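Some notes on the structure that comes next.
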Amino acid sequence: MLDPRILADDPDLVKAHLMRRNADDSLISSVDRLVELRDNRNALIAEGDELRAARNTLSKQIGALMREGKRDEAEGIKAEVAAGKDRIAAIDEELAQIEAERHALSMALPNLLHDDVPPGNGDEDNLEVRRWGTPREDATESHVEIAEKLGILDVERSTKLAGARFAVLKGHGARLERALINFFLDVHTTEHGYEELMVPYIAHRSILEGTGQLPKFEADLFKLQGELNGQDAFLIPTAEVPVTNLHREEILAGEELPKKYCAFTPCFRSEAGSAGKDVRGLIRQHQFHKVELVWFVEPEKAEEAHEQLTGHAETILQRLGLPYRVMTLCGGDISFSAHKCYDLEVWLPSQGAFREISSCSNFDTFQARRMGLRYRPETDGKKAKPRAAATLNGSGLAVGRTLVAILENYVQDDGSVVIPEALRPWMGGIERITPKA
RNA sequence: GGAGGGGUGGCCGAGUGGUUGAAGGCGGUGGAUUCGAAAUCCACUGUAGGUUCACGCCUACCGCGGGUUCGAAUCCCGCCUCCUCCGCCA
């Protein structure tokens with residue numbers, strides 16, 4: 001949610017940002033509607049408060065008169081109070097309608113963009129920031145061929161269980177997946193100062209609204225049938241959802257910041273609208289594993305935090321010796337909630353291309369406003385007013401895609417795959433996976 | 001799944017339908033006292049919205065949502081949640 005003050009004071013600024021995102025006209029005109037709704041709302045609140053104030057004083061008079069036994073006078077005032085009652089009810093009803101519309105419109109507005117976000121329509125307009133490593137020049141087989149020859153992936157049988165876009169890993173494949181998860185978590189908790197969380201994989205609607213997946217992108221989610229504990233519920237598409245919402249509707253103490261969490265979770269995505277993309281293999285699945293990094297920080301320190309967080313994800317790729325590049329997403333490609341976003345793209349030799357393996361976003365105060373997450377700044381030891389915190393997150397990393405990258409970047413001429421040295425302690429010392437004879 | 005008991009301010013804990021935004025205590029902040037500290041004393045100490053140049057004033061909030069009433073923390077209904085016991089279960 002945008003700062004309501006910016007929305008009220010400078011609607012044109014908000015519109016300019018919407019245009020950088022290539023937003024459609026209806027979204028842009030909703031800004032004017034929001035200004036109008038705010039004015040209406042304030043007028044109604046003023047009138048309602050005045051009527052309530054009058055009611056309160058009269059009711060106190062009734063109480064006093066009743067105690068003195070002056071029944072008749074009390075009855076007269078009762079009638080007077082009753083007269084204002086209908087108007088109060090009417091105002092409340094109108095106000096509820098206005099608030100509902102205001103809420104719907106403001107929850108549909110995406111975040112403002114950082115100045116660094118380049119103009120553009122799609123991923124072809126993203127800006128390369130830096131590269132690391134030297135990509136191998138030969139075109140390998142795809143990870144699917146490599147893995148099947150190693151006997152560590154069974155695509156055929158997985159479809160029996162739940163259809164397309166699922167996979168069954170076997171033997172060293174399953175172990176590799178598990179090793180990556182533990183490697184990621186151990187590095188982030190012991191070297192980068194993150195606290196590990198294990199969280200629910202199901203979240204209520206309001207939680208997904210908090211991080212910004214809802215209300216706009218319900219089609220991308222798996223929704224549970226019926227209600228769970230009284231609310232609509234969804235499988236989480238990323239650990240960002242439960243972890244960022246952990247402190248919703250709280251006021252954190254300033255000295256608690258920055259707060260850094262990491263969490264491993266499965267992620268569930270319906271991949272609506274991705275028909276025909278990455279249909280083979282592990283790249284795009286309905287269910288995948290991810291270790292997520294989440295920060296809560298003062299807004300002034302969000303940019304610095306964003307660089308650090310991105311660096312933590314990069315560390316993993318570097319340890320694994322996987323070549324990658326860092327991209328700043330353009331206005332047309334950046335996600336709804338993000339203020340600025342770096343994608344890490346790993347080299348996939350079979351495709352001769354860099355593919356996304358991590359997305360590191362700075363949300364500024366956008367998510368915090370949606371979920372009522374605040375902190376109390378420390379100013380010379382004195383308590384200041386609570387204000388919205390900044391939130392950030394990044395994959396550290398997507399596990400399945402890392403497995404893909406290892407297979408393709410470490411496959412040898414004989415079809416075996418060398419395990420990156422840094423990972424071997426988590427693989428029980430195994431140095432190489434070889435095809436079954 | 002069955003039975004019962006709770007949810008009040010940062011924390012503990014009162015609260016008869018009418019100056020209760022909420023006693024009292026703890027904690028916190030400022031001040032007095034002190035060479036300094038402890039102890040003691042005094043004052044302040046929630047969030048949001050509206051309004052005001054500002055001091056301030058007004059409104060709402062006692063798990064959440066509805067209802068009764070001139071007036072609800074207090075009465076009624078629904079929901080969420082926590083605890084205890086029984087059953088079942090990884």
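First the proteins, then the strands, lettered A, B, ... as listed; each starts at 1. The basis for the numbers below is simple: all heavy atoms, side chains too, and nothing from hydrogens, waters or symmetry mates. This is a predicted model, so every value here is computed, not measured.
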Could you tell me how far [M] sits from [N] if I compare only their [atom1] atoms? Round to whole Å.
N	M	atom1	value
B:G9	B:A48	C1'	15 Å
B:A72	B:A60	C1'	14 Å
B:U74	B:G17	C1'	6 Å
B:A73	B:U8	P	16 Å
B:G25	B:G13	P	16 Å
B:U19	B:A37	C1'	43 Å
B:G15	B:A22	C1'	8 Å
B:C26	B:U16	P	24 Å

Handout entry: Main-chain N/O of A:Ser358 paired to A:Ser395 side chain as donor or acceptor, under 3.5 Å
Key =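 No.
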Handout entry: Pair A:Ser359-A:Asp343, side-chain donor/acceptor within less than 3.5 Å
Key = yes
Exercise for the section: Say whether A:Glu196 and A:His188, considering side chains only, have a donor N or O and an acceptor N or O under 3.5 Å apart. Expected result: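 No, A:His188 and A:Glu196 have no side-chain donor paired with an acceptor closer than 3.5 Å.
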Is [X] near enough to [N] that one of its side-chain N or O atoms lies under 4.0 angstrom from OP1 or OP2?
X	N	result
A:Arg55	B:C58	no
A:Asn229	B:C79	no
A:Arg376	B:U47	yes
A:Lys60	B:C70	no
A:Arg102	B:G49	no
A:Asn56	B:A60	yes

Taking atom [atom2] of [N] as reference, at what distance in whole Å does atom [atom1] of [X] sit?
X	N	atom1	atom2	value
A:Glu75	B:U69	CD	C1'	12 Å
A:Asp92	B:U59	CG	C1'	11 Å
A:Leu252	B:U47	CG	C1'	15 Å
A:Leu95	B:A60	CG	P	13 Å
A:Arg41	B:U51	CZ	C1'	13 Å
A:Gln231	B:G78	CD	P	20 Å
A:Ile251	B:G10	CD1	P	8 Å
A:Arg87	B:U59	CZ	C1'	16 Å

Give me the atom names and distance for the closest heavy-atom approach of [X] to [Y].
X	Y	result
A:Ile152	A:Ile433	CG2-CG2, 4.4 Å
A:Glu292	A:Ala239	CB-CB, 3.7 Å
A:Arg284	A:Arg165	O-NH1, 3.2 Å
A:Asn111	A:Ala338	CB-O, 3.6 Å

Handout entry: Out of B:U47, B:G71, B:C58, whichever nucleotide has its closest atom nearest the side chain of A:Ala53
Key = B:C58
Exercise for the section: Counting heavy atoms from C-beta on, name the nucleotide in B:C70, B:U59, B:U47 closest to the side chain of A:Lys78. Expected result: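 Nearest to the side-chain atoms of A:Lys78, counting from C-beta on, is B:C70.
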Problem - Given RNA chain B, 5'-ward residue of the pair A:Pro4 and A:Gly63, judged by closest heavy atom - result: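 Taking each residue's closest nucleotide, the earlier one in sequence belongs to A:Gly63.
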Practice task
By nearest nucleotide on RNA chain B, pick out whichever of A:His204 and A:Pro386 is the more 5' one.
Solution key: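 That would be A:Pro386.
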Problem - Pair A:Phe184 and A:Tyr194, ring centroids less than 6.0 Å apart - result: no
Problem - Test side chain to side chain donor-acceptor pair (under 3.5 Å) applied to A:Glu271 and A:His286, step by step - result: CA-CA 7 Å; A:Glu271 296 296 346; A:His286 284 312; over 6 Å; no
Exercise for the section: Scan A:Leu235, A:Val241, A:Leu208 and name whichever one has a side-chain contact (heavy atoms from CB on, under 4.5 Å) with A:Leu221. Expected result: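 Output: one option passes, namely A:Leu208.
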Handout entry: Where RNA chain B forms stems, i.e. three or more consecutive Watson-Crick or G-U pairs with both distances under 3.5 Å
Key = B:1-7 with B:80-86, B:10-12 with B:24-26, B:27-32 with B:40-45, B:46-51 with B:56-61, B:63-67 with B:75-79
Exercise for the section: Answer yes or no: does atom CD of A:Glu227 have more than 12 heavy-atom neighbours from other residues, nucleotides or ligands under 6.0 Å? Expected result: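 Counting neighbours around CD of A:Glu227, more than 12 heavy atoms of other residues, nucleotides or ligands fall under 6.0 Å, so yes.
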Practice task
Residues of residues 42-52 of chain A with any non-hydrogen atom less than 4.0 angstrom from an atom of RNA chain B: list those, numerically ordered, please.
Solution key: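 Here the set is A:Asn42, A:Ile45, A:Asp49, A:Arg52.
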